[in-house]
Amino acid sequence: MTTAPRWRVVGRGEGGAITVVDLDRNGDRLAVHAFDDDAFRRAVAADAEATRWVWHDTRWWYRMLLDAGIRISRCHDLRLSHAILRTSAWADAPALRAARGWDAGGPLEEAGPQALFDLDGGDVPVLPESLDEVLAEFERQREAVTASPQRARLELLLAAESAGALVAEELHAAGVPWSREVHAGILDATLGPRPLAGGVPARIAELGAVVRAALGDDRASLDSQPKLLRALHRAGVPATSTNRWELAEYDHPVIAPLLEYKKLTRLASANGWAWLEEWAPAGRFRPVYVPGGVVTGRWASSGGGALQLPRQLRPAVRADPGWTLVVADVAQLEPRVLAAMAGDTALAAAARGTDLYAGMVGEGVVTSRQEAKIAMLGAMYGATTGDSGRLVPALRRAYPRAMGLVDEAAAVGEAGGVVTTWLGRSSPAPGSGWQRVQQEASGADASAADETRARRSARDRGRFTRNFVVQGSAAEWALAWLADLRTRLAALPVADAPAPASGPVFAARAHLAFFLHDEIIVHAPQEQAEAVAVAVREAADAATRLLFGGFPLDFPLDLQIRADAAKG
DNA sequence: AAGGGACGCGCG
DNA sequence: AAAGCGCGCGTCCCTT
């Protein structure tokens with residue numbers, strides 16, 4: 001009788017052949033297989049459900065599999081896991097920290113065959129993919145986790161991070177269903193007809209003329225910040241910058257058309273016709289997601305500005321014929337995560353309905369929903385002045401546990417310490433520059449300027465660590481939500497729907513199409529919309545229980561089923 | 001000519 | 001009406 005492997009570790013063996021080592025739950029070897037590329041794909045396809053595949057970089061291996069139409073259930077991404085364990089305060093892992101090569105983490109090209117042609121790159125870091133190095137790193141990671149006092153949470157974090165890596169590749173492969181017609185229609189209505197190559201859109205040209213007239217300078221340059229600032233000064237607007245918020249404070253006929261001009265030039269340059277051609281040439285927008293790309297554990301993106309899509313263009317996200325979108329975002333994710341982490345039952349009580357901010361008003365902590373929002377954001381970001389800073393003390397009185405948690409995180413950061421999220425991602429230690437500034441200020445010959453500088457950089461770091469614990473833990477909730485939802489969607493029956501342009505893995509199957517910190521979009525066959533909506537809600541509940549057990553707090557969703565992703 | 005920094009602004 | 005966290009990207013401008 002054969003034992004089913006717990007892990008299947010993938011690497012390059014003799015002569016570069018793909019080699020898979022099957023391990024049992026104790027990490028003992030069950031079998032070793034050498035494959036060519038085709039045989040490897042067949043082996044994965046035959047065992048896609050059962051096994052946790054262990055590999056150096058999901059971007060490399062899973063992209064190859066998805067291209068061949070193969071989806072898998074689980075993996076362990078050594079690159080992402082290494083990054084977490086290397087800095088986690090809960091992992092005492094000297095061997096892992098000493099390992100060379102695993103902290104490289106460059107773009108995908110550097111890990112793939114592209115590197116062969118990147119000769120002038122010279123010392124471009126390449127992740128180890130040889131079987132020996134992959135096995136050794138996996139062993140180091142298992143040791144670090146097993147020895148951790150927070151083993152269960154770290155295991156959860158590594159599993160969630162790795163699932164996120166799978167989701168990121170699937171999102172890229174499927175793409176965001178994008179209506180070029182709707183997008184072009186918005187551009188036309190806002191900017192005017194598409195100009196000839198290199199031309200200025202009509203509405204922008206008109207507004208530019210109005211602005212120059214108001215400045216009394218028909219040759220004023222509006223696109224150069226220093227020149228615009230000088231032109232404003234000549235026209236009697238004593239602005240110190242040209243940002244929107246400051247300009248809005250001045251009462252001058254140039255302000256309104258100038259702000260509109262800036263709005264339109266922004267749309268044209270960031271998401272205009274050129275963007276449409278480059279990023280959505282065939283009805284799909286395919287951003288590259290970068291899991292763990294932000295220090296806090298949030299995802300980043302590269303290419304196309306996926307995480308900055310203006311709300312204005314959301315109507316261009318449009319389901320294929322016979323399909324629909326399930327659009328869901330979490331209401332007040334970060335304050336809810338904070339309440340659960342701190343075990344703050346008063347804040348949890350305010351969150352009991354669907355609107356945490358309304359709950360705060362109901363408890364008499366603040367007088368309006370807007371105040372509640374400003375105060376809560378100020379507490380999580382470390383505001384000290386303005387309306388926001390003024391309201392924070394009221395929150396400290398009403399929610400001492402939640403506020404105590406972020407205040408403590410700030411204090412640790414100001415003192416140069418490290419803070420850690422709910423599941424175990426730690427903030428980076430302060431850099432040598434930061435420490436030097438603090439030391440210089442504490443020396444006997446420190447000037448007043450030295451002390452001011454040191455205090456400011458300490459406060460800056462305090463605000464960073466204050467926010468780190470909340471933003472990072474919220475990212476963990478979102479990862480758990482994504483991972484659980486991904487599994488539920490895969491379990492839905494294959495639908496009788498027209499094949500979408502989403503590639504072989506996603507034809508006739510509901511799939512994630514977009515993710516943005518606390519929001520997801522699922523592209524679903526119309527007949528499955530309700531089932532998908534249920535899965536999205538159940539996944540949120542599952543994530544909450546997984547992270548916070550029985551703590552009495554919901555994470556309610558704002559969920560809509562509709563053909564486009566506009567809010568309505 | 002290429003690259004880095006500053007600025008501004010889109011998103012959460 | 002905003003000053004306080006985390007990002008990516010386009011533009012301009014200056015340096016190399």
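Just so we're on the same page: letters track the sequence lines, and every chain starts at 1.
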Counting only heavy atoms and a strict 4.0 angstrom limit, can you tell me which residues of residues 305-316 of chain A come near DNA chain B? A/L307, A/Q308, A/L309, A/P310, A/R311

For A/S388, answer base if it contacts any base atom (sugar-phosphate contacts may also be present), sugar-phosphate if it contacts only those atoms, and nothing otherwise; contact means non-hydrogen atoms under 4.0 Å. base

Within residues 292-300 of chain A: residues closer than 4.0 Å to DNA chain C (heavy atoms): A/V294, A/V295, A/R298, A/A300

What is the nucleic acid contact for A/Q332, judged by heavy atoms within less than 4.0 Å: base, sugar-phosphate only, or nothing? nothing

Which side chain to side chain donor-acceptor pair (under 3.5 Å) pairs, counting each pair once, include a residue from residues 195-204 of chain A, with sequence neighbours left out? A/R203-A/E206

Give a yes or no on whether the ring-centroid distance for A/H517 and A/W299 is below 6.0 angstrom. no

Tell me whether the rings of A/F555 and A/F548 are parallel (<30°), tilted (30 to 60°) or perpendicular (>60°). parallel

Please state whether the phosphate of C/dG4, meaning OP1 or OP2, lies under 4.0 angstrom from any side-chain nitrogen or oxygen of A/T385. yes

In dot-bracket form, 5' to 3', how is DNA chain C paired? Count Watson-Crick and G-U wobble pairs only if both distances fall under 3.5 Å, and write | where the partner sits on another strand. ....||||||||||||

Heavy-atom contacts under 4.0 Å between residues 424-437 of chain A and DNA chain C, which residues? none

At under 4.0 Å, does any side-chain N or O of A/K262 touch on OP1 or OP2 of B/dC9? yes

Give a yes/no answer on whether the side chain of A/T384 brings an N or O atom under 4.0 Å of OP1 or OP2 in C/dG4. yes

Could you note down all residue pairs passing salt bridge (charged side-chain N to carboxylate O under 4.0 Å, His left out) where residues 225-242 of chain A supplies at least one of them, sequence neighbours left out? A/D217-A/R234

Quick one: side chain to side chain donor-acceptor pair (under 3.5 Å) pairs with a partner in residues 391-404 of chain A, sequence neighbours left out? A/E363-A/Y399, A/R396-A/D407

Strictly by modelled atom types, are A/D223 and A/Y261 linked by a side-chain donor-acceptor pair under 3.5 Å? yes

If you look only at pairs with a residue in residues 276-305 of chain A, which of them pass as a salt bridge (charged side-chain N to carboxylate O under 4.0 Å, His left out), with sequence neighbours excluded? A/R180-A/E277, A/R194-A/E277, A/R284-A/D320, A/R298-A/E334

Close residues, residues 224-238 of chain A, relative to DNA chain C [heavy-atom separation under 4.0 Å]: A/S224, A/K227

Of residues 458-473 of chain A, the positions that come close to DNA chain C - non-hydrogen atoms, cut-off under 4.0 Å: A/R463, A/F464, A/N467, A/Q471

Report yes if some heavy atom in the side chain of A/L516 is under 4.5 Å from a heavy atom in the side chain of A/F514; otherwise report no. yes

Listed once per pair and sorted, the side chain to side chain donor-acceptor pair (under 3.5 Å) pairs that draw on residues 412-422 of chain A, sequence neighbours left out: A/T420-A/S426, A/T421-A/E476

Which atom pairs link the protein and nucleotides 3-6 of chain B when you take only N or O atoms and keep those under 3.5 Å?
none

Side chain of A/N243, heavy atoms from C-beta onward: which of C/dT11, C/dG4, B/dG8 has the nearest atom to it? B/dG8

